[in-house]
Amino acid sequence: MKKFMLDLIVTKNETLNDQYSLLILKSPEKLPEMFPGQFAEVRVDNSPTTFLRRPISINYIDYETNELWLLIQIVGEGTLKMCQVKVGETLNLLFPLGNSFSLPNQKNAKLLLIGGGVGIAPLLFLGAYLKDKDFECNFLLGGRSKDNLLQLREFEQFGNVFTTTEDGSHGERGFVTQHSLLKDSNFDYIYTCGPTPMMKAVASYAAKTNTFCEVSLENTMACGFGACLCCVTDTTEGHVCVCTEGPVFNITKLKWQI
Amino acid sequence: MKKFMLDLIVTKNETLNDQYSLLILKSPEKLPEMFPGQFAEVRVDNSPTTFLRRPISINYIDYETNELWLLIQIVGEGTLKMCQVKVGETLNLLFPLGNSFSLPNQKNAKLLLIGGGVGIAPLLFLGAYLKDKDFECNFLLGGRSKDNLLQLREFEQFGNVFTTTEDGSHGERGFVTQHSLLKDSNFDYIYTCGPTPMMKAVASYAAKTNTFCEVSLENTMACGFGACLCCVTDTTEGHVCVCTEGPVFNITKLKWQI
Amino acid sequence: MANLNINIGKLQLKNPVMTASGTFGYGTEYSDFIDISRIGGIIVKGTTLRSRQGNAYPRMAETPSGMLNAVGLQNKGVDYFINHIYPTVKVIDTNVIVNLSGSTLEDYIEAAEMLNDLDKLPGIELNISCPNVKEGGMAFGISCLSAAEVVREVRRVYKNDLMVKLSPNVTDISEIARAVEAEGADSVSLINTLLGMAIDSEKRKPILSTITGGLSGPAVKPIALRMVWEVAKAVKIPVVGMGGIMNAADAIEFMLAGASGVQIGTANFIDPTVTIKVIDGIDEYLNRHGYSSVIDIIGALEV
Amino acid sequence: MANLNINIGKLQLKNPVMTASGTFGYGTEYSDFIDISRIGGIIVKGTTLRSRQGNAYPRMAETPSGMLNAVGLQNKGVDYFINHIYPTVKVIDTNVIVNLSGSTLEDYIEAAEMLNDLDKLPGIELNISCPNVKEGGMAFGISCLSAAEVVREVRRVYKNDLMVKLSPNVTDISEIARAVEAEGADSVSLINTLLGMAIDSEKRKPILSTITGGLSGPAVKPIALRMVWEVAKAVKIPVVGMGGIMNAADAIEFMLAGASGVQIGTANFIDPTVTIKVIDGIDEYLNRHGYSSVIDIIGALEV
Ligand SMILES: Cc1cc2nc3c(=O)[nH]c(=O)nc-3n(C[C@H](O)[C@H](O)[C@H](O)COP(=O)(O)OP(=O)(O)OC[C@H]3O[C@@H](n4cnc5c(N)ncnc54)[C@H](O)[C@@H]3O)c2cc1C
Ligand SMILES: Cc1cc2nc3c(=O)[nH]c(=O)nc-3n(C[C@H](O)[C@H](O)[C@H](O)COP(=O)(O)OP(=O)(O)OC[C@H]3O[C@@H](n4cnc5c(N)ncnc54)[C@H](O)[C@@H]3O)c2cc1C
Ligand SMILES: Cc1cc2nc3c(=O)[nH]c(=O)nc-3n(C[C@H](O)[C@H](O)[C@H](O)COP(=O)(O)O)c2cc1C
Ligand SMILES: Cc1cc2nc3c(=O)[nH]c(=O)nc-3n(C[C@H](O)[C@H](O)[C@H](O)COP(=O)(O)O)c2cc1C
Ligand code: FES
Ligand code: FES
């Protein structure tokens, strides 16, 4: 897939809560086709500590308006600066990067998309994409508390939404992997993105129940397009780059102790 | 004089032309007393190439409103960023730094203040100060063209204003040192600030006519308050720091070939 | 249009801008963004006789105006390069050069012999300066004696252009440069990364799996520029400068300091089109200052 | 409040934060901004036996996340220090330490003897690493033999604390550290500046009057941290770390890597109150992580 470097114009910067913002970026040129799971490398100017670009998932894409959504969690200087951009300013993006989640083989497969924290970002795009292809999605979204559950309204457009919170302020109390859904139902496909401990727990559930499972890995990246070899993860095929062979991996490829 | 480090609030950022801006900064606390010729070290955040502070002259001070004026010429990244600050934002300043111009000894002395380019910045404050002490000032301001003559209206409040432009678009055509004023009149005190070649020409005129003359030197500075010894100039007393022993020097102290 | 052609050792380049090893993959990673054949030379990934998995993750840490890497020469070995990469890169209309590393003298020699047989490979860059693995050659690059020895032996078997990449982690880099010049290096390139370290104070742990790694990016530019200046005065063979080049002005600084060519590394990660911008920027500079050829600015610093 | 007291060699410090020589004047330059007696130690300007005018202007160039300086040890000499500075600084309630440089062995010895007589001067920092003047001692600091010799001779005449400041411009800094330890240094401090260069491409001239100068600031932090880590493993005497410290987290990184104390240099220019912020920040860190004393984090890096 051809990669692009483009200046996109910020058309909306919505503060979701003190940790999260949603950026909507418009492209002057027609946006190239992208697939769920892919990401962009965002240049963060104006700071000596944000020398390198920051990898951010494609949260949603609207080809009609030529708009791209990024969901940002503030964890450091780079994400902070991104959340401070103003409408009308531009952000320089390299995209679309990486591979994407696989489509199910059977049309009526039971699908579960499990997300935690900012890991829900690529799952919204995935849900929209799957719905467009007539799949029925179940979303299981977890957070520490109600405030950490984001974009619920958007998710509801694309499937059934289940939630867990650690403090019980929304949905079931506990972690996503403790949700009753996992006990009561069987799924054919599980897609997950979130904190590594969560993904490992999901992977372990999937392995036990022999379910197809893809995870989207994080990693520290210098380039994002396979040139630096900084972003490896250990797989059954040795060290591979998360930015090109991933970020989406089938759990059978990973060397996780699950 | 006690030095301060303060966050000042930008109350006005006026673009004078594509090269110059006037910043008006308000202090939450009462501004300390300052003298003309002194400067501030301005911190320029958000850029890897503006690691150090930038020295900027006090252009004017209004103790009643607690406001400080800075006149900025854009020459690089630091001055560019300064000119991009928005009303309501803060700038961190170390000030007041350096020495100041000397007051004339005789009450009815004939004073000439010669400025070129951004070198007019400290002369406005000096003019206001001298007028306040009942001296009569003559300002001779030079620039490449009309557009480079700044703050003429402000200068007129404090004395007689004469101008030269290289293209003749305002005042006499030529350099300040070619202005007829210098041929027709004798002055007791000359104060000057501007590009080094201009100041050297003024100094040479003053030396020839045996006139008291003070110049305000530029220099690359790392600290601005005497700690780094990076900003020396060669004087009859050896290497001295421009930031503490200057920026104002009597020309008899300098080792200029004039 | 000024004349940007330049010969460096046995290499004939259409312009002095090359890409630094380990930062440009095999070139093709960048072909979505730019026409890579416009680049003067492409130094491919660090290659070793046998395939290497490289170091464990994490391999990267961001630092003020720079980055540390600890890739550790992950590559599939010379054989793989010859059979799978070479056929695809030899058709690129520019100089594709292999950056060769080794852990023993024998490895260097054997790999160099194999590369000598590739008729479309104009040269190799002998990496005796990778700080990230014991086998990275830095042990060779930090002493005159061992640097001289490896160059002497490789020179015996390798007939095309032999560029030797020097380590900045030394007391006197000119001394090493002179030693490799004496053994027949066609040019020297510098600097490789500076050995550095990053710590996460909250976790009380090193950030890199290898504890220390190699520093690159604009942070190192002043050091790189000084070393190029010193080496250019010390040797007669051409010098290729690198370290923190982000734009044409940076590249020109290296050439004024005495470099006949430059390599761009880390900057490619931030702007994959930077090489082309630097080439165009050098041209613009030459025109603006009235130089007809890029050769005119090599070592043209007025001191 | 955690316990910030720390002994480094013969020095007793109320906290591990000192100021780096050449960046803090004689301390009094900062007294408008902070209570300088809160600082653990103040290393005053580089001092030489006889007065020096320093280098010509320009002496400074800004670089990405750093700066180059070429001050060249401008100072009024040891005599002047003893008669005019010492009386005013000896009353400051902290450790005031003289940074001593020389161009010959004899100079070092003579000046050290004179300083040995000052009863309120707890120690000297022997600068064998200034890159900016031939007489700056770097010639001593880059070879084990000469470093050992100057420390041996100064140790003979100087009885109070002897901290030796090492140059980073060497292949193996631990080797030098071990050599000066063997001759009786009470501690080592590192790093001094890295030799660098800056060029104005438009003017085609070096920016510094001396062409090359010393690089400091956050750009060098990864290198400094690595060297402190290496040296702390190599010697038994305490290590004082510096190079690019801008805040408490940076200082803590150095201590985790093995430094018993830190010095802050360039950061003082940007924020003259930074020393106090670092002291308070270390305290806050210790409290937050449940350490009762700053000693607990020295070398506490988990590898
Ligand atoms: C493929 C991919 C997709 C991503 N998608 C999103 C997204 O949609 N929205 C979003 O907010 N974030 C996303 N991230 C994470 C995001 O890239 C990091 O949070 C960001 O780079 C941190 O930059 P910073 O300057 O704010 O923090 P820094 O100051 O760089 O770091 C702050 C802290 O976060 C840790 N950290 C930094 N980068 C990473 C990383 N890549 N992986 C794990 N820990 C890291 C650091 O160790 C440090 O402790 C994604 C990462 C990857 C690899
Ligand atoms: C005491 C004093 C008072 C000053 N007052 C003012 C003022 O009132 N208004 C104003 O606009 N400027 C003033 N200056 C100049 C101002 O400090 C510089 O223009 C500024 O630091 C440049 O920063 P920059 O990042 O924009 O440019 P940089 O990118 O740092 O430099 C751009 C170009 O300007 C040159 N340059 C940078 N700093 C200086 C300097 N200090 N002296 C000479 N050349 C320099 C560089 O060599 C380079 O060629 C003053 C300087 C001093 C020393
Ligand atoms: C991620 C990365 C990998 C590198 N791998 C190699 C390598 O394999 N062989 C080599 O000689 N240099 C390698 N280098 C060093 C670069 O080629 C170059 O010498 C250095 O980065 C300085 O240039 P820069 O500041 O422009 O990046 C690598 C650098 C980086 C950042
Ligand atoms: C302007 C300046 C002057 C310096 N003068 C001296 C000196 O006289 N003696 C010395 O040992 N080190 C001197 N240094 C080096 C510092 O003490 C310190 O080792 C170095 O700057 C690294 O620390 P930093 O990055 O915190 O500045 C000087 C540094 C600067 C920036
Ligand atoms: S981030 Fe550079 S190869 Fe993956
Ligand atoms: S700028 Fe530091 S002493 Fe003048």
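Because only heavy atoms are used, hydrogens play no part in the values below, and waters and symmetry mates are left out as well, while side chains stay in.
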Subject >> Under 4.5 Å from any heavy atom of chain C - which part of Glu230(D) >> reply: side chain
Original post:
Out of Leu256(C), Val303(C), Val228(C), which one racks up the most heavy-atom pairs below 4.5 Å with chain D?
Top reply: Leu256(C)
Original post:
About how many Å separate CG of Asp200(C) and CD1 of Ile252(D), when rounded to the nearest 0.5 Å?
Top reply: 11.5 Å
Original post:
Pick one: which of Asp172(C), Thr171(C), Asn169(C) meets side-chain hydrogen bond (donor to acceptor under 3.5 Å, both in side chains) with Thr171(D)?
Top reply: Thr171(C)
**OP:** Using modelled atom types only, decide if a donor and an acceptor are shared between the side chain of Ser201(D) and the backbone of Glu253(C) within a distance under 3.5 Å.
**Re:** no
**OP:** Output yes when a side-chain donor or acceptor of Arg226(C) lies under 3.5 Å from a complementary backbone atom of Leu195(D), and no otherwise.
**Re:** yes
Subject >> Leu301(C) side chain reached by Met197(D) side chain, heavy atoms, under 4.5 Å >> reply: yes
**OP:** Supply the atom-to-atom distance Leu215(D) CG to Leu225(C) CG, rounded to the nearest 0.5 angstrom.
**Re:** 11.5 Å
**OP:** For chain C, find which of Thr63(D), Val220(D), Ile211(D) contributes the most heavy-atom pairs closer than 4.5 angstrom.
**Re:** Ile211(D)
Subject >> Winner by heavy-atom pair count (cut-off under 4.5 Å) against chain D, out of Pro218(C), Pro222(C), Ala61(C) >> reply: Pro222(C)
**OP:** Output the distance between atom CD1 (Ile223(D)) and atom CG (Leu194(C)), rounded to the nearest 0.5 Å.
**Re:** 4.5 Å
Subject >> Heavy-atom contact with chain D under 4.5 Å, split by part of Ala198(C) >> reply: backbone
Subject >> Considering all heavy atoms, the nearest Ser65(D)-Ser65(C) contact >> reply: OG-OG, 2.6 Å
**OP:** Measure distances from Ala224(C) to the heavy atoms of chain D and classify the residue's part below 4.5 Å as side chain, backbone, both or neither.
**Re:** neither
Subject >> Neighbours of chain D found in residues 262-290 of chain C - heavy atoms under 4.5 Å >> reply: Tyr285(C), Arg288(C), His289(C)
Original post:
Of all the residues in residues 292-300 of chain D, which have a heavy atom that comes within less than 4.5 Å of a heavy atom in chain C?
Top reply: Ala300(D)
Original post:
Top residue by heavy-atom pair count (under 4.5 Å) with chain C, among Gly244(D), Pro206(D), Pro168(D)?
Top reply: Pro206(D)
Original post:
Do other residues, nucleotides or ligands put more than 12 heavy atoms under 6.0 Å from Lys233(D) NZ?
Top reply: yes
